[in-house]
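Down below is the structure, laid out as structure tokens.
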Amino acid sequence: MSKKELNKNLAQMLKGGVIMDVVDAEQAKIAEEAGACAVMALERVPADIRIDGGVARMSDPKMIKSIQEAVSIPVMAKVRIGHFVEAQILESIGIDYIDESEVLTPADMVNHVDKTKFEVPFVCGCRNLGEALRRVAEGASMIRTKGEAGTGNVVEAVTHQRQLMADIRKVQNATSEELFTLAKEFGAPIELIQYVHENGKLPVVNFAAGGIATPADAALMMQLGSEGVFVGSGIFKSGNPAKRARAIVLATTYYNDPAKLAELSENLGDAMSGIEMNDVDTKYAERGW
Amino acid sequence: MKIGILALQGGVIEHLRLVEAAGAEAKIVRYSQDLEDIDGIILPGGESTTISRILNRTNMMEDLRNRIIAGLPVWGTCAGMILLAKNLSNDDKVDGIKTMDITVRRNAYGTQIDSFNTLVNVPEVSENEIPLVFIRAPFIEETGKNVKVICEVNGHIVAARQDNMLVSSFHPELTSNTDFHKYFINMCK
């Protein structure tokens, strides 16, 4: 079994869980206590990156290390699309998972990181099956639908998850000769298209991300076929982060139980206010090639 | 024969597939009432902090612990081993089931970079070599007198049994080898 296989295996162990964005050790501890299955260490949550503008880069390794010391769950961190040196740096400090993320400002407008050169696993974003399989071909061990980070608006997450599932069904139902044309159409390697045809799923675990702000949002993404969720700004930009984080963890487990979801949705305080899609200046989801 | 799989977080489907491949019925366990008609339960890999918190917050912890004390066969893989351990040597974050006389070290090998796999003979379980997959795995540092060591790798205890309780640091469910599942199903007879 290869390192690649072991890295896909770690993602399997994250399934049914919630991965939370945290900006310091204090938030990381709150996330772990709430039941997060991993944390994403970054200097600013996406909502603040939107407000601040400017170039968003990999976080200070010292800040990431302080989070690694604070928690026992896996720690992930983001690098810019195509910035393989940021990835080399994160690998050297023993990060558990790298997110090559459209939320940061891309470093390469044509290429992504060649993730096959790394021992450490990568998760990458996608809006559709073609994008997902291109990332897997480059070595990603886990996929997340992109949604629109930092908006508190789940609409794009739903769009991308539905698109991904529709694409998978299309490949599943195709004949063997049609698969070659679909590979061209999706811009994805034929071997991976054939895998999807035979198995009816991606070759790696798929989480939802980008705009999840409530227990109902998390359950919605699970019912649409995600295997777990990333919650970024939605927790620590809300009125009561600890309580909301706990509720989203339980909602991700009991996503098919409306009575339980009702109970979990009570008295959570203010959700992050959120942005309507027409008012979003920069769509992060459009970054990625 | 019906084997429950605790499905709060982690690698659930993988166990379900191998339980069925080993010839038993598999049942998803998400509520206390799901415990009522099973012959044994598997606690899968995942994050032990996450699973322990969900168990405690849904009040399933007490029901599960009582059933295990009453003799329900249980197999904890990776996170499941951590949940069953009475003592954790390097962690105070997991408030687990704590029924087995072992002391376990969490993330004992390091971060994901240190995850590994190997082929090992486990005579208690099978005549053939078994592929073992270790993902941010724990190992056992101390065992009580009623605990039987089943497997050691590089000088560390990675599988053990005490009466109705079986634990492994590794993940047989991530391979296609059903020997460990068959061994557990036999424990449930």
Side-chain angles (χ1 to χ4, degrees), chain A residues 1-3 5-19 29 31-39 68 70-76 90-98 118-122 141 201 205 227-228 245-247 249-257 260 263-264, chain B residues 6-15 28 30-31 44-58 60 77-80 82 88 90-95 105-119 131-138 170-171 173-176:
Chain A
M1 195 183 283
S2 64
K3 196 75 201 176
E5 211 50 44
L6 289 168
N7 285 339
K8 282 157 73 173
N9 289 159
L10 174 59
Q12 285 173 276
M13 292 307 136
L14 299 173
K15 283 191 298 182
V18 182
I19 300 168
K29 284 179 191 163
E32 180 174 54
E33 179 51 38
C37 69
V39 290
Q68 287 175 309
V71 296
S72 60
I73 56 182
V75 177
M76 304 183 167
L90 290 186
E91 184 173 51
S92 79
I93 64 167
I95 202 82
D96 290 297
Y97 239 98
I98 293 176
F118 290 80
E119 298 260 295
V120 65
F122 282 75
S141 303
K201 60 188 276 301
V205 166
E227 296 178 285
R246 276 199 304 273
V249 166
L250 287 171
T252 304
T253 297
Y254 295 98
Y255 64 89
N256 256 331
D257 184 340
K260 186 99 184 167
E263 185 190 308
L264 292 170
Chain B
L6 188 69
L8 302 180
Q9 189 271 323
V12 175
I13 302 300
E14 293 79 1
H15 269 299
I28 296 289
R30 210 166 267 151
Y31 301 90
E47 277 305 314
S48 49
T49 48
T50 303
I51 299 171
S52 67
R53 274 157 186 69
I54 298 176
L55 279 171
N56 283 308
R57 285 178 192 146
T58 55
M60 255 182 101
T77 55
C78 195
I82 295 166
L88 299 176
N90 62 339
D91 190 282
D92 54 6
K93 289 170 178 164
V94 179
D95 185 14
R105 171 167 286 268
R106 273 189 82 191
N107 298 333
Y109 296 92
T111 68
Q112 174 59 11
I113 291 277
D114 307 295
S115 290
F116 66 102
N117 60 288
T118 182
L119 264 178
L132 308 184
V133 183
F134 295 81
I135 308 286
R136 295 180 92 247
F170 45 85
H171 298 273
E173 77 280 11
L174 293 175
T175 72
S176 55

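A note on names: the letters A, B, ... follow the listed sequences, proteins ahead of strands, and every chain is numbered from 1.
- For chain B, the nearby part of A:Lys260 is the side chain; its heavy atoms alone come within less than 4.5 Å.
- Residue contact with chain A, scored on non-hydrogen atoms closer than 4.5 Å, involves the backbone and the side chain of B:Arg30 alike.
- Proximity to chain B involves both the backbone and the side chain of A:Glu33, based on heavy atoms less than 4.5 angstrom apart.
- Comparing B:Arg136, B:Arg53, B:Lys93 by heavy-atom pairs within less than 4.5 Å of chain A, the highest count is held by B:Arg136.
- Of the listed residues (A:Gly16, A:Ser72, A:Gly94, A:Gly35), the greatest number of heavy-atom pairs within a distance under 4.5 Å of chain B belongs to A:Ser72.
- A:Leu10 touches chain B through backbone and side chain together, each having a heavy atom under 4.5 Å away.
- Atom CG of A:Leu6 and atom CD1 of B:Ile113 lie 11.0 Å apart (nearest 0.5 Å).
- At a 4.5 Å heavy-atom cutoff, the contact between B:Ile135 and chain A is made by side-chain atoms alone.
- Comparing B:Thr118, B:Thr58, B:Asn90 by heavy-atom pairs within less than 4.5 Å of chain A, the highest count is held by B:Thr58.
- Counting heavy-atom pairs closer than 4.5 Å to chain A, the top-ranked of the candidates B:Gly10, B:Gly110, B:Pro44, B:Gly45 is B:Gly10.
- To the nearest 0.5 Å, the span separating OG on B:Ser115 from CD on A:Glu5 amounts to 13.0 Å.
- Top candidate by heavy-atom pairs under 4.5 Å with chain B, chosen from A:Lys15, A:Glu227, A:Glu91, is A:Lys15.
- Taking all atoms of both residues into account, the shortest heavy-atom contact from B:Arg57 to A:Leu250 is CB-CD1, 4.5 Å.
- Here the rule is side-chain contact (heavy atoms from CB on, under 4.5 Å) with B:Gln112, and of A:Asn9, A:Val120, A:Asn7 only A:Asn7 fits it.
- Neither the backbone nor the side chain of A:Ala38 comes within contact range of chain B, judged by heavy atoms closer than 4.5 Å.
- Between B:Ile13 and A:Gln12, every side-chain heavy-atom pair lies at or beyond the 4.5 Å cut-off.
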message: Applying side-chain contact (heavy atoms from CB on, under 4.5 Å) to B:Leu174 and A:Met13, what does each step give before you reach the verdict?
response: CA-CA 10 Å; B:Leu174 293 175; A:Met13 292 307 136; 3.8 Å; yes
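- Atom-to-atom distance recorded for B:Ile51:CD1 and A:Thr253:OG1 is 9.0 Å, nearest 0.5 angstrom.
- Note: A:Pro74 leads A:Pro121, A:Pro74, A:Gly228 in heavy-atom pairs under 4.5 Å with chain B.
- Within the 4.5 angstrom heavy-atom criterion, only backbone atoms of B:Ala7 (N, CA, C, O) approach chain A.
- A:Tyr97 is not listed as a side-chain neighbour of B:Thr111, based on a closest heavy-atom distance of 4.5 Å or more.
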